[in-house]
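Report on the following structure.
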Amino acid sequence: MTVPSLADARALDAADPLRPFRARFELPDGLIYLDGNSLGALPKATPAALDRVVREEWGRGLIGSWNAADWIGAPQRIGAKIARLVGAEAHEVVVADSTSVNLFKLLAAALARDPARRVILSEPGNFPTDLYVAQGLERLGLGARLKLVERERMADALDGEVAVLMLTHVHYKSGARHDMAALSAEATAVGALSLWDLSHSTGGVPVELDGSGADLAVGCGYKYLNGGPGAPAFLYVAERWQDLLASPLTGWMGHAAPFAFDDGYRPAPGIDRFLCGTPPVLQMATLECGLDLMLESDPAALFAKGQALCDMFITAVDRFAAGHSLELVTPREALRRGSHVSWRHADGYAVMQALIAEGVVGDFRAPDILRFGFAPLYNSFEDAWRAANTLHAVLAEGRWRDPRFAARQRVT
Ligand SMILES: Cc1ncc(COP(=O)(O)O)c(C=O)c1O
C-alpha cells in the first residue's frame with residue numbers, strides 16, 4: 001500500500017457509510033480518541049437515557065420499576081442484543097457482573113463438570129485478570145492447575161487432563177487474533193471446553209460463537225460497546241451446556257424461583273443460573289444505550305472499516321517506524337488481528353504521554369507497548385492519518401523527552 005495522503009484519508013471518510021455515527025458521540029473537538037478499545041466514547045443519547053432511568057424509573061417508579069420498567073429482565077434483554085454481535089442465540093448470553101467474576105464462574109463450572117480433568121490451559125501473556133482468576137481457583141484446594149503454553153504448542157498441550165482451554169480471542173497487547181473455530185475444535189476433540197475472552201473482540205471484529213463451536217465466553221461492556229466506565233460484562237454459555245454446568249456463585253438471581261424465597265438453592269434452567277445478585281440498573285441502562293447505537297450499524301461495514309483504519313495507520317507509521325525504533329507487534333494481515341494496533345518503543349510511556357498532550361489519545365501497556373484502538377463507529381480515516389503524523393512529529397522532534405512525560409500515573 002502506498003503512503004496515504006490527507007486527501008486520501010478525507011476521500012475515504014467521504015465514502016464511509018458509517019460516517020454519520022461520529023456525530024452521535026460526545027467527542028471533544030480536535031481530540032483524536034484512539035482508546036475505544038479500553039473505554040468507549042460517550043454516546044450523545046446516554047445522558048438523557050440515564051437521566052430518565054434515574055428521575056422517572058427510580059425517582060417516580062421506585063420499587064415498581066423492577067417490573068414496570070423491566071429492570072429485572074435487563075440481563076437477558078441486553079444479553080440478547082450482545083448475542084447479535086457475537087454470533088449467538090438470544091438465550092445464550094446474559095449481562096452480569098464483571099468480566100473477571102464471569103471468568104471465575106465459567107472456569108469453576110468447567111472444572112466441576114469432570115473431576116478427572118483439573119487443568120486450565122492458557123497462554124503466557126494472557127490478560128492478567130484471566131490468569132489471576134485461574135490462579136485463585138488453583139488456591140481453592142480443588143486440585144485445579146493452570147498450565148501456560150505458547151500459541152504454537154497449544155494443540156500438543158491439549159490432552160485428557162484439560163478441563164478448559166481459556167484464551168483471549170484478540171490479544172490485549174499485540175492485537176493478534178486466535179482462530180476460534182480451529183482451537184475450539186481442538187479442545188472439543190480431547191473432551192475439553194473452550195472459554196473465550198471477547199473483551200477486545202466484541203464490536204471490533206466479527207465473532208461467530210455458535211458457528212465456531214465455542215463452548216463458553218465472556219467479555220467487557222465498556223470497550224467497543226460504549227457502555228461507560230465499569231459497565232457490566234457479559235457471559236455466553238452454548239445452549240448444549242446450559243443445563244449441564246453449574247455456577248459456583250449460587251446467588252438468588254440464578255435460582256429457579258428467586259421470589260419463592262426457598263431455603264434451598266435450585267439452579268434456574270438455561271443461562272439464568274449464571275446470574276448471581278441484583279443487576280446494576282444504572283450501568284445496565286448506559287450499556288444498553290451504547291449497544292442500541294452500535295446495532296443500528298451494518299456489522300459488515302463496521303468490521304471492514306475497523307480493518308481499513310488499522311491498515312491505513314500501519315501504512316502511515318511504517319514509513320518512519322524503523323528510523324525511530326518503532327517495532328510493529330500487531331499482525332499485518334487483517335484477518336489475524338483485532339481492531340487495535342500496537343508498536344513497541346523503549347520509551348513507550350513517555351511517547352504516549354507526549355502524544356496525549358498533542359491531542360492523540362492511545363494508551364501504554366508495560367513494559368514498552370504503544371496501543372492505538374480504532375473504533376469504527378466514531379474514528380475516521382483522518383483520525384488515523386493525523387495520529388500517524390503526530391506520532392512522527394513527537395518522535396522526530398524528541399518532544400517525548402520532556403521530563404513531565406516520564407512521571408507514571410496510576411492508570412497508564
Ligand atoms: C482481555 C481482557 N479481559 C478482561 C478485562 C477486564 O476485566 P474486568 O472488567 O473484570 O476488569 C480486560 C480489561 O481491559 C481485558 O482486556
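Ligands are counted one by one from 1 in listed order, and the atoms in each one are counted from 1 as well. Because the structure is a prediction, the values reported are computed rather than measured.
- Checked against the 6.0 Å centroid threshold, Trp252 and Phe259 count as a close aromatic pair.
- Screening residues 274-292 for salt bridge (Lys or Arg N to Asp or Glu O under 4.0 Å), with sequence neighbours left out, gives Arg77-Glu288, Lys81-Glu288, Lys81-Asp292.
- Contact check for Val93 versus Leu209: no side-chain heavy atoms found under the 4.5 Å cut-off.
- Sorted by first and then second residue, the salt bridge (Lys or Arg N to Asp or Glu O under 4.0 Å) pairs with a member in residues 202-229 read Asp215-Arg240; sequence neighbours excluded.
- Classified by interplanar angle (parallel below 30°, tilted 30° to 60°, perpendicular above 60°), the ring pair Phe313/Trp343 is perpendicular.
- In this structure Tyr236 satisfies the ring pair (Phe, Tyr, Trp, His ring centres under 6.0 Å) test with no other residue, sequence neighbours excluded.
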Please tabulate, one line per pair, the protein N or O atoms found under 3.5 Å from any N or O atom of ligand 1, giving the distance to one decimal.
from: ligand 1; atom 1: 3 (N); to: Asp197; atom 2: OD2; distance (Å): 2.7
from: ligand 1; atom 1: 3 (N); to: Ser199; atom 2: OG; distance (Å): 3.4
from: ligand 1; atom 1: 9 (O); to: Tyr222; atom 2: OH; distance (Å): 2.7
from: ligand 1; atom 1: 10 (O); to: Thr99; atom 2: N; distance (Å): 3.4
from: ligand 1; atom 1: 10 (O); to: Ser100; atom 2: N; distance (Å): 2.9
from: ligand 1; atom 1: 10 (O); to: Ser100; atom 2: OG; distance (Å): 2.6
from: ligand 1; atom 1: 14 (O); to: Lys223; atom 2: NZ; distance (Å): 2.6
from: ligand 1; atom 1: 16 (O); to: His200; atom 2: NE2; distance (Å): 2.9

